[in-house]
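In the text below, chain A, chain B and the rest are named by the order of the sequence lines, each starting its count at 1. Computation of the quantities below employed the complete heavy-atom set of this structure, encompassing side-chain atoms and omitting hydrogens, waters and symmetry-equivalent molecules.
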Amino acid sequence: MEQQTDYLLEMIDIDKSFPGVRALDKVQFKLRAGTIHSLMGENGAGKSTLMKCLFGIYKKDGGSVFIEGEEVNFNNPKHALDYGVAMVHQELNQVLHRNVMENVWLGRLPIKKYGLVDTKKMIRDTNEIFKELEIDINPTAIIGTLSVSQRQMIEIAKAVSYDAKIVVLDEPTSSLTEKEVDHLFRITKKLTSQGVGIIYISHRIDEILTISDDITVLRDGQWIATKPAVELDNAEIIRLMVNRELTHRFPEKTNHPSGEMMTVSHLSGKYPPTFSDVTFTLRKGEILGVAGLVGSRRTELLNTIFGVFTRESGEIKLNGELVDISSPEVAKKLGFALITEERRATGLFPMMNIYFNTIIANIKEYGKFLLSQRKIAKDTKRSIDALAVKTPSPKTAIRSLSGGNQQKVIIGRWLLTNPEILLLDEPTRGIDVGAKFEIYQLIINLANEGKGIVMVSSEMPELLGICDRILVMSNGRLAGVVERGKDFGGVEGEQEHILKLAGTFI
Amino acid sequence: MERSKKVGEFLLNYALYIILGAILVTVSIIRPNFIAINNILNIMKQASTKGILALGCAGIIVLGGTDLSIGRMLGLSAAITASLVQSVTYSSRYFQGMTKQLPIIVPLLAAIGVCVVISAINGFGVSKLHMHAFIITLGTQLIAFGANCIYIESQPSGSAQALSTFEKNFLDKAAGNIMIGTLRFPKVVIYFAVLAVVMWIVWNKTKLGKNMFAVGGNQEAAAVSGVNVTKTIMYVYIMAGVLYGIASFLEAARIQSVGANTGINYELDAISACVIGGVSFSGGIGTIQGVVVGAIILQAINYSLYFLGVNPYLQYIIRGIIIVLAVAIDVRKYLVKR
């Protein structure tokens, strides 16, 4: 019993600030040996920042970290590994074209005579760990051919192979089936019985209540509570997580949805991973939210509607007329606009200036051969003024603007094409709170003008703050639709219902 | 459906070997006397030097880079080799003070040394200065070319003519044949085979090889796992330098006269051999078997077209088409549909 009071890991008064944001404010986290300690909070609450400070990916501004009583300051994840602290990332960091065992032993391949790699030992050791964890994967299989859950198991096995005392699991179940989740939990049990401490990050409250010993809740970069799981229930956790005035973070909702403008029936994507059989309608002037866990295929849905990804079956009707959206060009002509999730990868031309980034989706409007510089300047200025983009000049390279202003430029780019339907994929990701408010106001204004808006978001408060209805996706299928202000007993009831729906098909 | 899918997959996976087979079969049907051991040996012999270059270059491509400096580097290295192996009885030899033939290991080490230094500079530019391999090698190829011209121009005779008249021992060791019965088997093919085996072991059985694939496939994952990325890149470039040096040494003996233009465009053949052989320009993918077959296919195409007496300009066009085709098929293996 004495061991129960010994902490494997203590993080005390951790501070971290970014320009304009206090990301962590004297956060506490203590992990006991042989237990699972869940870390909860909304996106942006500081969970991943806290973990990045632990692993030395970010340098903490203040506070101390102790591993078994010894103060440590890790410079990088490898350094942490040497102390037996391992992380299984949500985005699995693996070399896809190589086989399982090479990925497990990468960076410390066993060597035999003449400097040759000891393949037999690798197979043996890998099999041994796999057997212990009841993982049934061939060590010589190529990683890229395996399922996400198998890859996740391999990452956990890798952590075990480092004799890790502390294992961080970041959203490990977000793309697993129920059976796979059971397997994962058996593995975590096994690890804790060997004295390993597990830090478990997840959004699934039921799951966390089942497996955790302790639960720590963060909110807006602050430590809110650490309690034994048995003292908590679903409602209490949600209260701890979202306890705040939802009103002042969002502008007043003034839009009034009217008649139907788009009907999507039985839409399925073609190439996996994808979604199937999604049916919904969008009304004029409506803000339609799309909620779901990571891997619920919300991004794929938007991309398929916009013609970026291939459609397998199903139809889309626009104002009662059947349309065949075979490519983004067609979608653009029909009045669609897509603002993508990965701003940096698929939205920005970072080295180019604001002129370029503003007009690029609408370039044919500026002349057949030589582009009209005057019209470009005029439209760019209008866009900058209308969206209140803060920039020294339209000649500034867009990468030197803040995230919020970059996003405004991209929204402005699509508004120039006069879209009727805007598909927004995580429109406020990586944007600070003040700028978020402006983006929300912008979205509501567009709805006021009668445009239809489909907004994918992982931030529950923002969906609840500005959407009229919320579609909930679960594992590639539509799990249900939440009509705001009906049947669910207010915001908290709606939130709970959405969380429940999101787990329907997993 | 399932079956046709499997056939399709089989064709994709073995496209390279099917192409090589098709070339040889087609030519033999048109000209049955093509199937002669001498023709095969000729193809192998011509494929060998460029194949050795390709073995070096392949590792750099697996890292996600490329090497434009190969040709000019070979030129400089071959010139230095040439100056050291000229016959001591030759009156306009480069080193007038040289009155006794040097042991053969000296020019070989010199050739390797030159290439290792230049290739290490390339590696440093990529790993430490974070330059794109295309740019740093574009620069070093110019430097190598200039150095080669100056070196050749500084002969005692003052002329800029090619270095020639090499000693017998060198020519025999580097470009000679082994008699197997009545068959004259080129030694260079044996060297190529040995180096290919060594490189296969390095790629598949050593830490360096595994790390090379890890860095090329996902540099981030490699770094997080504690692989020393800088060191891995440096080693791969140095290893390439050693192979380039050996190839330069052998090439000097094969052409028997080294001038300012020696080696021009060799990098294109080496890179072609790699990509035909399935080494992906996006990094992290490739096999030594593929590179060897790629080098042989490239040479088999050249030789066959020459053998059939095809118009030389048409030969370029056909070679271009085959390279594009081979790579287009190969790329399909890794295409992600969405």
Side-chain angles (χ1 to χ4, degrees), chain A residues 55-57 76-82 86-89 91-99 101-120 122 142-144 151 155 158-159 161-162 269-274 297 299-300 303-304 307-312, chain B residues 5 9 12-13 58-59 61-64 132 197-233 235 239 278-287 290 330-338:
Chain A
F55 283 89
I57 298 166
N76 53 53
K78 170 68 177 154
H79 189 190
L81 264 182
D82 295 338
M87 176 137 178
V88 177
H89 289 269
E91 302 100 25
L92 299 165
N93 232 335
Q94 291 167 331
V95 188
L96 292 182
H97 298 301
R98 307 305 291 176
N99 67 28
M101 57 186 186
E102 272 177 41
N103 270 281
V104 171
W105 303 102
L106 186 59
R108 56 203 168 117
L109 298 164
I111 301 297
K112 57 179 182 186
K113 265 188 294 188
Y114 313 117
L116 299 184
V117 171
D118 195 340
T119 314
K120 281 196 192 116
M122 265 209 290
I142 300 296
I143 288 264
R151 290 173 53 196
E155 281 298 286
K158 182 173 178 177
S161 75
Y162 272 97
K270 185 159 185 186
Y271 299 107
T274 188
R297 308 300 161 210
T299 296
E300 286 79 358
N303 276 291
T304 306
V308 181
F309 290 4
T310 317
R311 174 164 52 113
E312 164 85 30
Chain B
K5 215 173 177 177
E9 232 164 67
L12 268 183
N13 287 333
I61 299 178
V62 167
L63 288 178
H132 193 287
V197 170
V198 170
M199 288 310 290
W200 186 90
I201 293 170
V202 171
W203 277 32
N204 295 291
K205 298 286 165 194
T206 68
K207 203 156 122 181
L208 174 60
K210 308 274 183 198
N211 286 350
M212 172 182 84
F213 278 108
V215 171
N218 186 343
Q219 188 162 332
E220 179 83 24
V224 170
S225 303
V227 173
N228 188 330
V229 174
T230 310
K231 216 159 107 182
T232 304
I233 295 175
Y235 282 163
M239 197 163 63
V279 182
S280 164
F281 249 59
S282 49
I285 299 174
T287 61
D330 200 55
V331 163
R332 302 206 65 81
K333 273 194 255 181
Y334 308 107
L335 219 55
V336 178
K337 287 189 178 167
R338 55 182 205 179

- request: Output the distance between atom NZ (B:K205) and atom CH2 (B:W200), rounded to the nearest 0.5 Å.
  value: 5.0 Å
query: Within a radius of less than 6.0 Å around OH of B:Y235, do more than 12 heavy atoms belonging to other residues, nucleotides or ligands occur?
result: no
- prompt: Got a second to check how far A:Q94's CD is from A:N103's CG, nearest 0.5 Å?
  reply: 5.5 Å
Part of A:T119 within contact of chain B (heavy atom distance under 4.5 Å): side chain
- line: So the side-chain hydrogen bond (donor to acceptor under 3.5 Å, both in side chains) pairs with at least one residue in residues 221-233 of chain B (sequence neighbours excluded) are A:K158-B:S225
field: Minimum heavy-atom distance between A:G269 and A:E312, given as atom pair plus value
entry: O-CB, 3.3 Å
message: Can you tell me which portion of A:I111 sits under 4.5 Å from chain B's heavy atoms? Options are side chain, backbone, both or neither.
response: side chain
- prompt: Can you say whether A:E102 sits under 4.5 Å from chain B via the side chain, the backbone, both, or neither, judging by heavy atoms?
  reply: side chain
Distance (rounded to the nearest 0.5 Å) between B:T287 OG1 and B:W203 CH2: 7.0 Å
Reported CD1-to-CZ distance for the pair B:I285 and A:R98, which is rounded to 0.5 angstrom: 10.0 Å
message: What residues of residues 209-217 of chain B make heavy-atom contacts with chain A at a cutoff under 4.5 angstrom?
response: B:K210, B:N211, B:F213, B:A214, B:G217
field: Heavy-atom contact with chain B under 4.5 Å, split by part of A:Y162
entry: side chain
From CG (A:L106) to NZ (B:K207), nearest 0.5 Å: 10.5 Å
